[in-house]
Protein chains: 2
Amino acid sequence: MTDANGVERCEYCHIHQEIVNKVEGTMPEDEILYDLAELFKIFGDSTRIKILYVLFESEMCVCDIAKLLGMTQSAISHQLRSLKQSKLVKYRREGKTVFYSLADGHVRTILDQGMEHIAE
Amino acid sequence: MTDANGVERCEYCHIHQEIVNKVEGTMPEDEILYDLAELFKIFGDSTRIKILYVLFESEMCVCDIAKLLGMTQSAISHQLRSLKQSKLVKYRREGKTVFYSLADGHVRTILDQGMEHIAE
DNA sequence: ATAACATATGAACAATAGCTCATATGTTAT
DNA sequence: ATAACATATGAGCTATTGTTCATATGTTAT
């Protein structure tokens, strides 16, 4: 068992052609799986998770989020940028202030399912 | 607006005490939010996503997964370790071979919700 | 015991990501 | 136009992470 070129490896493994066919039939495109991973990376940071939880309660401006989380405006703004790019939050401008809110019902479902998982 | 010590920042922000109370009442413990982020980090890599998708179809040994994904045994084994530690996969030994399978229904829900999100 | 095989793991390296700092952009009031 | 404020952003630094390589562990057959 040496490399990934599949010539002389693992001759005794239990894989069958039917399973290979099944897997290759149902597996989404590589690019989609890559995008999916990119999305979950966004959830993979506790600062961003906290921002999302805060926004469950109310739309809020950058400065307020920073105060609530005890972090700098810059750090929060950078993270909101990621969340915005992933379409997890949306925003509206009101004068100098920008209000952020959740963009999507999936956010709650995903976080809830994650919570259920770690609660076990 | 300078630091995170909240003395002379953003006096004109629209935050209200009622919202602060509401947020602080519903926000889970820091440690839980940290664990939640750790869980989503696991989903935040396309190799691990692929492994999970492969396991939707059938339990499978390390070598077979490596072959299906065109990657080395070592790389897959390292990633299975992460998935195991997060209790996303389980395994059973059968002689020399170790078969991995999904541990949990949440995995499917989380991936499906993520898919729905990026499909929009 | 020895060889062959399947899997696991530690070290090292390259790539990625989050925070800070300084500064830019955009808005409002004077 | 200028000042004050809220937010955005680029560069730099440090920490983290995925893969490779070499090797260790565990199982089976001889």
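By convention in this document, chain letters (A, B, ...) are assigned in the order of the sequence lines, proteins followed by strands, and residues within each chain are numbered from 1. Note that these values count all heavy atoms, side chains included, but never hydrogens, waters or copies made by symmetry. These numbers were taken from a predicted model, which means no experiment stands behind them.
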Taking the six-membered ring for Trp, does B:H78 stack with C:dT9 (centroid gap under 5.5 Å, planes within less than 30°)?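 Yes; centroid distance and tilt both under limits.
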
Requiring both pairing distances under 3.5 angstrom, list the stems that contain DNA chain C and are made of three or more consecutive Watson-Crick or G-U pairs.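 Only these stems qualify: C:1-30 with D:1-30.
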
At less than 4.0 Å, is any side-chain N or O atom of [X] found next to OP1 or OP2 of [N]? Yes or no.
X	N	value
B:Y100	C:dA8	yes
B:S77	C:dA6	no
A:R48	C:dA17	no
A:R81	D:dT9	yes
A:Q79	C:dC19	yes

From OH of B:Y91 over to C1' of D:dT27, roughly how many Å is that when rounded to an integer? 15 Å

To the nearest Å, how far apart are B:E94 CD and D:dT28 P?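 Whole-Å distance recorded here is 10 Å.
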
If you draw a 6.0 Å radius around OH in A:Y91, do more than 12 non-hydrogen atoms from other residues or ligands fall strictly inside? no

Looking at every non-hydrogen atom in both residues, tell me the closest pair between A:K87 and A:A103 and how far apart they are.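 Closest approach of A:K87 to A:A103, heavy atoms only: O-CB, 3.4 Å.
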
If you look at every heavy atom in A:E38 and A:K41, which pair is closest and at what distance?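 Heavy atoms only, the tightest pair is OE2-NZ, 2.8 Å.
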
Hey, can you pull the donor-acceptor pairs under 3.5 Å for the side chains in residues 110-120 of chain B, sequence neighbours left out?
residue: B:E116; atom: OE1; partner: A:H106; partner atom: NE2; Å: 2.9
residue: B:H117; atom: ND1; partner: A:D104; partner atom: OD2; Å: 3.1
residue: B:H117; atom: NE2; partner: A:S86; partner atom: O; Å: 2.9

Is it the case that the base of [N] and the side chain of [X] share a donor-acceptor contact (distance under 3.5 Å, atom types as modelled)?
X	N	answer
B:Q73	C:dA8	yes
B:T97	D:dT27	no
A:S74	C:dC21	yes

